[in-house]
Amino acid sequence: MTSLIQEAAPARRTNRTLAIFKALVRDPIGCTALVILAIVLALAIFAPLVAQFDPLVQNRRAILQPPSLTHWFGTDDIGRDVFSRVLYGTQVSLLVGLMVVIITMVIGGLIGMISGYFGGWVDVIIQRIVEALDVLPSLVLSLFIAAMLGPSVRNVIIAVTLAQIPRFVRVVRSETMKIRNNDFIAASRVIGASPLRIMLTHGVPNLMPTMLVLGSLVFGIAIMTEAALSFLGVGTPPPNPSLGTMLSQGTRFIGQAPWLIVFPGLMLTISVLALNLIGDALRDVLDPRNR
Amino acid sequence: MLKRLLARYAFVTALPALAIAAAMVVAPPAMAQEKHGGKVVINVHADAPNFDPLASTEFAVHSRLGLAMNRLVEWKTGDDIGYGQFVAKPGLAESWEISEDGLTYTFKIRDAVWQDIAPVSGRAVTAADVVATYDAIIAGGVQKGLLSTVDAITAPDDKTVVITLKRPNVVLLQNLAHQNMWILPTEAFDGGYDRNVTVIGTGPWILTGDEAGVATHYVRNENYFGKDENGEQLPYVDEVEILPIKDLNARIMAFRSGQVDIWFGPLNLTQMEGLKQAVPDIQDVQTTANTQSELYLNPGFEPFASLEVRQAMNLALDRMGLGEVVRGGGGIGGVVGPALNAQTLPEEERIALYGTPDHEKAKALLAEAGYPEGFSFEFTVLNYGEEFVREAEWIQQDLAEIGVTAEIKMIDPVAGQAMGKEGDFQAMFLMMSPFAEADEYFTSHYLPGAVRNYTGINDPTLTAMIEEQQGIVDVAKRQEKIWEIQRYVYQNIQNPLPIWAAVLLHPAQGDIRGWNPMITQGFPSLSEVWIER
């Protein structure tokens, strides 16, 4: 009997994930956003194959060239191909976003579950720390951490992650508090399941929909924050391309060479918009009231 | 018949000539337009925390003091004088003599009076004021280093100051004209008034009000000693106002709206283009910065210990392209920066030494040094802004052309300078402090233990040459020695590598005349600025 239940559980989870995906595809906005995100992802992943030029190499005979058949998005003020830089910059942005989401989900989710499941003084301590972090706007906190650590992609990931963890902790905590009073949790406790087992087997699957929605939003926020940090000079270090750095440097030539900000700006807008739309669609799909 | 008529009415034919002659007498010549009057507004992007010239080196303080005070010796300005070129002009000293051994300077104090502010109340300037100021500086002024070679300062009479030196110092006059060396009355040092809040000088304007965040206001000093070349009383302008506009965009808007007449502070070429579009009759006054970017190669990192490697890196760099593309103007760097146009090597020679890249020769030098495949190093770049970072990226690609990989590491300027002092870097790219004399370049970069000697240069021959030029009184001979030192550094030291001095922009509104920006603080040409009507 037990073995039957254990075998059936993963199948149910797979079916549920598939059902969510199918529902997402049926949603017109969700589907469009998924397609856009897939294209952006493909461009970023296959950047070395798609890009015609090395994003770091300066062609000093082609300074500030407007978009053409050779340079689709034009060239920058030291002759680098903007199309290649946008693709590689997107790669950096998506990497930062993905890493931030994964780390935040794991750490923020774990802390939130502990806080919500145990309650009492554990909850009080965790929530006071979270509140202390929440006092500062997330961009200011990220800026402070990134400036302290120095400009690098790794440090940007750390800075954005630390600023986004409180958001996850709060949401997961409240969801855990709702779940922990259910009968099946009480039953698990009665049959002697440890808190860790309860959290992993009952907490995580039940929290996953909420975390997915939040994760998609945090993904967008992380991309925007990475761009903002790079714009302010504490993000991705030069000469590596970053959408934020490109925007920052492009502002100097806004009248002379508008393509320097149009294309990185478009890519940033499209990526973040797609992620936000997916988040919205996921929320609609997972909302029991919409079923 | 016609001849008779002409003879009879000859005076009629002469009428036009008479009329023209009369007009020439009656009408004022175009050049004689009244220059006096009006008000000029300047922006300085910080408030003055106080007005004590001995307490700080802040530009916000000294740029304001310059309107109300004088030095013993001043910087001459004019269309024919470069931005960083020091030409001594009598200030409170109307003349001076230097003894043959270069150890005694005798200054004659001019007939000038202090501004009519209690407790000094318009009394005559005396030698005792100069001695009191310099004594106070030596005792504890921030600028006391400028008088480090002084042995004694005496006043044999009311109008004579004698400065004797411990050893010859050819830059003494320039030190006395330094932007922080304002002369104050004796009352400033004997408790007569508080020099933090009260400004009493001999300068062209009297400071009448200073409100933090609002404005510093000046009115014309009727008793100022200065005259223009035609003997006209200076200053021309009746009022001056300094606005402390900290935000760059607010400064730009103030200039565009005509609220500011003379721009002071950083401005890049893109921003200048925007100003030109908004203010079509703007005066685009450009000079070469008295700073330059420099690439320090730490010999503690094995490849940079080799002179061949440093020479190869020098040959890899396309500085002229960098200046044109990244900076849009300025001057190629040198051991002495290009702003000091009388002391740096001639431009053609600097281009030959630093502005003629040769990648094949560079690769051969690397191979000779044992690095035929090149090498990698950490390239610490101090974050002085986007254009500076662009210079670093330009250098990175130039070095890649000869197989040398530079991994850029961005760092805050303050942290970078601390790293430089500790020698904790492989290669460091930074913007040098502004210098106004070749001696400052030499003593700060190449003497053992000097403040900018980040690479630990200790070359006895070079040290001896630097000390020798400090003692040469003859101007032409010293010039030769200064050039010889620069060539020696190129041949034997090649560290730091001078890169580029950026273009500086000093726009003024179209009706401002006589504006000649100068390296030193205090707006030395302002007394000769006038407003065209």
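The basis for the numbers below is simple: all heavy atoms, side chains too, and nothing from hydrogens, waters or symmetry mates. What you see is a predicted model; the values in this text were computed from it and never measured. Below, read A as the first sequence line, B as the second, and so on, with proteins coming before strands; counting in each chain starts at 1.
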- Message: Taking side chain as everything from C-beta outward and backbone as N, CA, C, O, which of these in Asp318(B) sits under 4.5 Å from a heavy atom of chain A? Side chain, backbone, both or neither.
- Response: side chain
- Message: Using heavy-atom distances under 4.5 Å, tell me whether Leu56(A) contacts chain B through its side chain, its backbone, both, or neither.
- Response: backbone
- Side chain, backbone, both or neither: which part of Ser248(A) has a non-hydrogen atom closer than 4.5 Å to chain B? both
- Message: Between Phe304(B) and Phe377(B), is the ring centroid distance below 6.0 Å?
- Response: yes
- Item | Side chain, backbone, both or neither of Glu393(B) within contact of chain A (heavy atoms, under 4.5 Å) | both
- Note on the structure: Note: Arg350(B) and Gly334(B) closest approach over all heavy atoms is CD-CA, 4.0 Å
- Query: Does Phe231(A) reach the side chain of Gln249(A), with side-chain heavy atoms less than 4.5 Å apart?
  - Reply: no
- Is it the backbone or the side chain of Val57(A) that comes under 4.5 Å from a heavy atom of chain B, or both, or neither? both
- Measure from the ring center of Phe388(B) to the ring center of Phe429(B) and say whether it is less than 6.0 Å. yes
- Six-ring centre of Trp394(B), Arg60(A) cation under 6.0 angstrom, axis tolerance 45°: yes
- Message: Please identify, among Glu273(B), Gln271(B), Met410(B), Gln397(B), the residue contributing the most non-hydrogen atom pairs under 4.5 Å to chain A.
- Response: Gln397(B)
